[in-house]
Number of protein chains: 2
Amino acid sequence: MGCMNTAQTLEPALDASCCLPSEQPAISVEDAQQRALVFKALADPNRLRLLSIVKAGESGESCVCDLTEPLDLGQPTVSHHLKILVEAGLLHREKRGTWAYYSLVPGALDKVAGLVTGL
Amino acid sequence: MGCMNTAQTLEPALDASCCLPSEQPAISVEDAQQRALVFKALADPNRLRLLSIVKAGESGESCVCDLTEPLDLGQPTVSHHLKILVEAGLLHREKRGTWAYYSLVPGALDKVAGLVTGL
DNA sequence: TACTCATATCGATCCTCATCAATTTACTTC
DNA sequence: GAAGTAAATTGATGAGGATCGATATGAGTA
């Protein structure tokens with residue numbers, strides 16, 4: 001006894017209707033891959049600081065030249081991190097003249113929080 | 001004009017008291033490293049599915065033999081992923097006899113959600 | 001048109017990580 | 001104690017990622 005590995009193969013059509021109403025099935029492989037992309041974007045200290053610095057800025061947006069110095073990283077590296085955050089849907093990029101301004105996508109952080117609690 | 005990179009160096013002691021009360025400073029390097037550890041644990045599709053499967057289990061806990069098959073991974077790999085989730089403070093491990101039972105740490109997911117929104 | 005500056009992209013390097021096969025550890029049972 | 005089983009650990013390998021120097025793009029300016 002102990003590990004009932006084979007028991008769950010007997011009632012495949014019942015496990016969604018017989019249990020507590022709050023029970024939700026595990027996420028799918030595709031869903032997991034999708035969420036992992038977002039968490040990968042957050043899984044770097046410098047990218048977390050980028051998000052935090054952009055959010056803390058009083059104007060709500062920062063250009064790359066404002067972000068290179070506090071991170072102590074080269075400009076190509078910062079640009080690379082920013083691109084990952086944009087592709088993850090966390091930052092918005094707007095080019096005005098020579099400068100590129102980055103700002104938090106409204107509601108993005110709350111949406112990510114929902115990805116965590118909704119596992 | 002455009003990028004005001006040097007302006008913020010003039011009032012270093014004021015930026016915490018002159019602005020909106022909701023403004024909080026950017027997180028520190030150490031804080032970012034700490035949070036990145038948690039997000040690194042979430043930045044893998046198989047680990048996300050592990051968390052979801054453990055959470056979806058009606059008993060609230062699962063042993064390794066219940067987790068190897070749905071992930072289609074070898075037993076050492078699943079054990080490795082589980083260890084990372086335990087070290088991140090997301091899963092709790094309890095050994096009973098030959099089996100090791102893993103369960104969600106109560107409140108851990110909500111705490112992680114706070115790490116996201118609190119950036 | 002030529003020059004400057006901000007940003008993005010490219011290529012290379014180093015390091016981390018996901019995975020597996022093999023082995024070890026630990027508990028149970030005969 | 002010997003055999004069997006669950007889980008963890010080890011060592012190796014291949015893929016992905018973080019970083020940098022060099023270069024390209026593109027807008028503003030003389």
Side-chain angles (χ1 to χ4, degrees), chain A residues 1-7 29 32-33 35-51 53-54 61-88 91-103, chain B residues 1-7 29 32-33 35-51 53-54 61-88 91-103:
Chain A
M1 78 197 85
C3 173
M4 312 308 291
N5 196 1
T6 57
V29 177
Q33 290 172 337
R35 299 189 196 210
L37 288 180
V38 180
F39 294 125
K40 264 194 240 279
L42 296 173
D44 182 273
N46 288 316
R47 284 197 290 269
L48 290 179
R49 294 198 71 215
L50 278 177
L51 284 176
I53 292 173
V54 169
E61 57 182 16
S62 312
C63 66
V64 181
C65 64
D66 283 329
L67 300 169
T68 306
E69 182 217 331
L71 257 66
D72 199 36
L73 288 177
Q75 174 266 321
T77 304
V78 174
S79 209
H80 170 245
H81 284 314
L82 289 170
K83 184 179 185 181
I84 291 176
L85 291 171
V86 169
E87 288 174 343
L91 284 187
H92 171 251
R93 175 182 183 270
E94 183 185 356
K95 189 141 192 186
R96 290 203 300 270
T98 313
W99 293 275
Y101 292 90
Y102 289 88
S103 57
Chain B
M1 79 196 88
C3 175
M4 314 307 290
N5 197 3
T6 55
V29 177
Q33 291 172 336
R35 298 190 197 208
L37 288 180
V38 181
F39 294 124
K40 264 192 240 281
L42 295 174
D44 182 273
N46 288 316
R47 285 199 287 270
L48 290 179
R49 293 198 71 217
L50 279 176
L51 283 176
I53 292 172
V54 169
E61 57 182 16
S62 313
C63 66
V64 180
C65 63
D66 284 329
L67 300 170
T68 306
E69 181 216 332
L71 258 66
D72 198 36
L73 288 177
Q75 174 265 319
T77 304
V78 174
S79 211
H80 169 246
H81 284 314
L82 289 170
K83 185 179 183 178
I84 291 176
L85 291 171
V86 169
E87 288 174 342
L91 285 186
H92 171 251
R93 176 183 181 270
E94 182 184 355
K95 189 142 194 187
R96 291 201 300 270
T98 313
W99 291 278
Y101 292 90
Y102 289 86
S103 57

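Note on naming: letters A, B, ... go to the chains in the order of the sequence lines (proteins, then strands), and numbering restarts at 1 for each one.
Taking only side-chain nitrogens and oxygens, B:R47 comes nearer than 4.0 Å to OP1 or OP2 of C:dA18. Listed pair A:Y102 / C:dA8 meets the phosphate criterion, a side-chain N or O lying under 4.0 Å from OP1 or OP2.
Nearest heavy atom pair, residue A:T68 against residue A:Q75, reads CG2-N, 4.0 Å. Closest approach of A:R93 to A:A100, counting heavy atoms only: NE-CB, 4.2 Å. Closest approach of A:A32 and B:L48 over heavy atoms only: O-CD1, 3.5 Å. The heavy-atom pair separating A:V54 from A:S62 by the smallest distance is CA-OG, 3.8 Å.
Put simply, NZ on B:K40 is 10 Å from C1' on C:dC17, counting in whole angstrom units. As a whole-Å value, the separation of A:L71 CG from D:dA18 P is 13 Å. When the P atom of C:dA18 is taken as reference, atom CG of B:L85 falls 10 Å away, rounded to whole Å. Rounded to an integer number of Å, the gap from B:L67 CG to C:dT19 C1' is 17 Å. Following rounding to the nearest Å, B:I84 (CD1) and C:dT19 (P) show an atom-to-atom distance of 9 Å. When rounded to the nearest whole Å, the span between CD of A:E94 and C1' of C:dT7 equals 15 Å. At whole-Å resolution of the value, CG in A:L82 and P in C:dA8 are 7 Å apart. Look at CG on A:L48: it is 14 Å from C1' on D:dA18, rounded to the nearest Å.
Candidate nucleotides D:dA8, C:dA18, D:dA6 were compared by shortest atom distance to the side chain of B:H80, and C:dA18 ranks first. Listed candidates were C:dT7, D:dT9, D:dA7. Nearest to the side chain of B:A100 is D:dA7. Of the candidates C:dA6, D:dA8, D:dT9, the closest approach to any side-chain atom of B:K83 belongs to D:dT9. The side chain of B:C65 lies closest to D:dA7 when the candidates are D:dA18, C:dA18, D:dA7.
Salt-bridge formation is detected for the pair B:E61/B:R96: a Lys NZ or Arg NE/NH1/NH2 atom is positioned less than 4.0 Å from an Asp or Glu carboxylate oxygen.
When side chains are defined from C-beta on, A:L42 does not count as touching A:R47, because their heavy atoms never get closer than 4.5 Å. For the pair B:V29 and A:P45, the minimum side-chain heavy-atom distance is 4.5 Å or more.
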Below 3.5 Å is the cut-off: list the nitrogen or oxygen pairs between protein and nucleotides 20-27 of chain C, distance only.
| from | atom 1 | to | atom 2 | distance (Å) |
| --- | --- | --- | --- | --- |
| C:dC20 | OP2 | B:G74 | N | 3.1 |
| C:dC20 | OP2 | B:T77 | OG1 | 3.0 |

